[in-house]
Amino acid sequence: MNWIEGVKMVEESNEVIDVGNNLPIVDFLFNTIANGESGQNLLLGFFLLYLTIAILLACSYKLGFARKLPLLKSLVVYIFLFIGAFIITLLGLKLPMAECLVIIVLILAIYRFRLAQDRKRRNKQA
């Protein structure tokens with residue numbers, strides 16, 4: 001049996017596949033959304049996980065590391081970022097990648113908010 005036949009067998013069966021390994025985001029995307037009423041759809045779950053990780057990576061890049069770049073250079077950076085998101089998505093099936101990215105985005109957002117408040121306060125004093 002080749003892998004295509006294996007995927008078809010999994011898609012045709014009515015069993016629910018537990019992918020998350022107690023990872024909240026992966027569990028939600030695969031076991032709640034992708035295993036909906038119409039049965040399992042592993043490709044949809046993987047795509048949603050990829051999309052989630054790609055958006056979180058773009059947010060973390062923009063909040064913490066982005067500099068003013070010309071449009072073409074920014075486009076190249078984001079293309080490589082989305083390519084890297086695929087690799088991180090593969091790791092995110094068993095490791096808490098999406099959860100770590102949520103924490104990173106929250107910390108960077110708090111840092112940027114506090115930095116903006118500090119700058120505003122300094123401008124008022126000057």
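Quantities reported herein were computed from a predicted structural model and do not represent experimental measurements. Along the sequence shown, residues are numbered consecutively beginning with 1.
Of all the heavy atoms in L95 and L23, the pair that sits closest is O-CD1, 3.6 Å. In plain terms, the two heavy atoms of A85 and I53 that are nearest each other are O-CG2, 4.1 Å. Here the closest non-hydrogen pair linking A98 and L49 is CB-CD1, 4.4 Å.
Checked against side-chain contact (heavy atoms from CB on, under 4.5 Å), L63 has the following partners two or more places apart in sequence or in another chain: V105, L108, A109, R112. Under the ring-ring contact (aromatic ring centres under 6.0 Å, His included) criterion, Y61 pairs with Y78, sequence neighbours left out. Every side-chain contact (heavy atoms from CB on, under 4.5 Å) that T52 has, sequence neighbours left out, goes to I25, L29, L56. Taking the side chain to side chain donor-acceptor pair (under 3.5 Å) definition, one finds that R122 meets it with D118, sequence neighbours left out.
Under a 4.5 Å side-chain heavy-atom criterion applied to ILVMFWY residues, the cluster that includes I110 comprises that residue alone. Counting Ile, Leu, Val, Met, Phe, Trp and Tyr side chains that sit under 4.5 Å apart, directly or through other members, F47 shares a hydrophobic cluster with L51, I55.
Hydrophobic clustering, with ILVMFWY side chains joined whenever heavy atoms are under 4.5 angstrom apart, keeps L101 apart from Y111. F65 and I104 fall within a single hydrophobic cluster, where Ile, Leu, Val, Met, Phe, Trp and Tyr are joined by side-chain heavy atoms under 4.5 Å apart, directly or via other members. With hydrophobic clusters built from ILVMFWY side chains whose heavy atoms lie under 4.5 angstrom apart, L106 shares a cluster with I88. Following chains of ILVMFWY side-chain contacts shorter than 4.5 Å, one can reach F86 starting from L44, so the two form part of one hydrophobic cluster. L91 and F82 end up in the same hydrophobic cluster when Ile, Leu, Val, Met, Phe, Trp and Tyr side chains are linked at under 4.5 Å.
You'll find the side chain of L75 stays beyond 4.5 Å of the side chain of L71, heavy atoms only. A heavy-atom distance below 4.5 Å is found between the side chains of L90 and F46.
Between the CD atom of Q117 and the CZ atom of R114 there is a distance of 7.0 Å, given to the nearest 0.5 Å.
Heavy atoms of other residues, nucleotides or ligands lying less than 6.0 angstrom from CG of L72 number 12 at most.
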